[in-house]
Amino acid sequence: MKVKSLIIPAALAVLAASCSPKKDIIAENVENAKVQLKSLVEASEAGDTIRIPSTFKNGEIEYVPTDDWVSGFFAGTLWYMYELTGDEYWADHARKHTEILDSIQYLTWHHDVGFMIYDSYGNGLRLKNIDGYKDVCINTAKSLATRFRPNAGILQSWNVDRGWQAERGWKCPVIIDNMMNLELLFKVTEFTGDSTYAKIAISHADKTLENHYRPDYSTYHVVDYDDETGEVRRRCTAQGYSDESAWARGQAWSIYGFTVAYRFTSDKKYLERAEKVAEYLFNSPTMPEDLVPYWDFNAPDIPDACRDASSAAIIASALYELYWYTKNAGYKEKADKMIESLSSPAYRAAPGTNGGFILMHSVGSIPHGSNVDVPLNYADYYFLAALIRKGKIEKGEVPVTK
Ligand code: GLY
């Protein structure tokens, strides 16, 4: 009898737990994000001018200038909050943070304008169809197109006449990250009917497919081309552990970029490449159990190496879209697992901490000693994108966030 009386309440507790409604991970993350991002909005709008928060270090929020590659992510994050909540508060602030980037449509000295303008103006256009936003996207595509090098068939990522890039002996470097800028070009062809932009995007994707990958489908970070002959001069890294290592965020840009290229072209070779990258990622012996990658799959100090939450968020977001095209349930399961890990206290900051950023533990660039094991605005951006995509899939909608 005694034993029975102990067992019955325990069994009832298990039964009660299994019958209680499953925690809604999207809703719960949105509630958390409201608190965090409201404080970041207030901090970034507290001075005379609106500032762009990028990270939080040593108790201080760091802000970046408008020409920094991460300048569009905070605006994009606020647009996603509008999408997730329907609350005009987020749209009002998203608009302010978007419009401070106005001059970037004419920036031609680096390739990141796709990130900067499409994540800000592009999301604003999609969600609110604001007058003038389409023109900003079109002008930005024109600026990006000036970086197309026809003999090599690629968009040049970085200039080599200044900064640390000038010291590497490169002629025409292309980084895998550049796949992320193609979405803007494809979209602008849709907006204008001018196929020039999509043709550039396809040429760039084809060259990347051909030249950026190792036999195991991990990607190099940098491929340096001869822009006159089109030949590959060198394959190497800038932000990874070594030239032959697999820098985690590079792998994330790679799976995301080819999934998007498939979205616009229906060309199976892009889908196949995204699937090969997924195979590489999930068969990698150094992919941790919680699926939040180390900053480099070949970091020598694994398992003590830093994790990169930004890579997990980007990969999860890509996997939801990849799932949609392939209906391979494994991709959604992996993405869900990543979201679950990122939503745990190991990666998601407690409300009121982390300077208002949502996620902790991302890595900017270890070789440059920059932003190591900190929150990053793009980790939060892709995390919210992944939540939106997850929600769309679960409602039977196309999980595209732009
Ligand atoms: N696009 C630069 C980076 O991923 O760090």
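One-based numbering, in listed order, for ligands and for the atoms of each. What you see is a predicted model, and the numbers here were worked out from it, not measured in a lab.
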**Report entry** Main-chain N/O of V292 paired with R307 side-chain donor or acceptor, under 3.5 Å
**Finding:** yes
Report task. Using the ring of W158 (Phe, Tyr or Trp, six-membered ring only), decide whether R168 places NZ or CZ under 6.0 Å from its centre and within 45 degrees of its axis. Result -> no
Report task. Please could you name the atoms of ligand 1 that D177 approaches to less than 4.0 Å, counting only its heavy atoms? Result -> 1 (N), 2 (C), 3 (C), 4 (O)
Query - G169 backbone acceptor or donor facing R233 side chain under 3.5 Å - result: yes
Report task. Mark up the atoms of ligand 1 that fall under 4.0 Å of a heavy atom belonging to R249, in ascending order. Result -> 3 (C), 4 (O), 5 (O)
Requested in this report: Please say whether W247 places an N or O atom under 3.5 Å from an N or O atom belonging to ligand 1.
Outcome: no
Report task. Determine the minimum heavy-atom distance between L78 and W90, stating which atoms define it. Result -> O-CB, 3.6 Å
Report task. Indicate yes or no: does an N/O atom of W253 lie under 3.5 Å from an N/O atom of ligand 1? Result -> yes
Query raised in the report: Can you list the steps and then say if N298 with E244 is a side-chain contact (heavy atoms from CB on, under 4.5 Å)?
Result: CA-CA 9 Å; N298 305 103; E244 289 304 324; over 6 Å; no
**Report entry** ligand 1 to W69 polar contact by distance, N or O atoms, under 3.5 Å
**Finding:** no
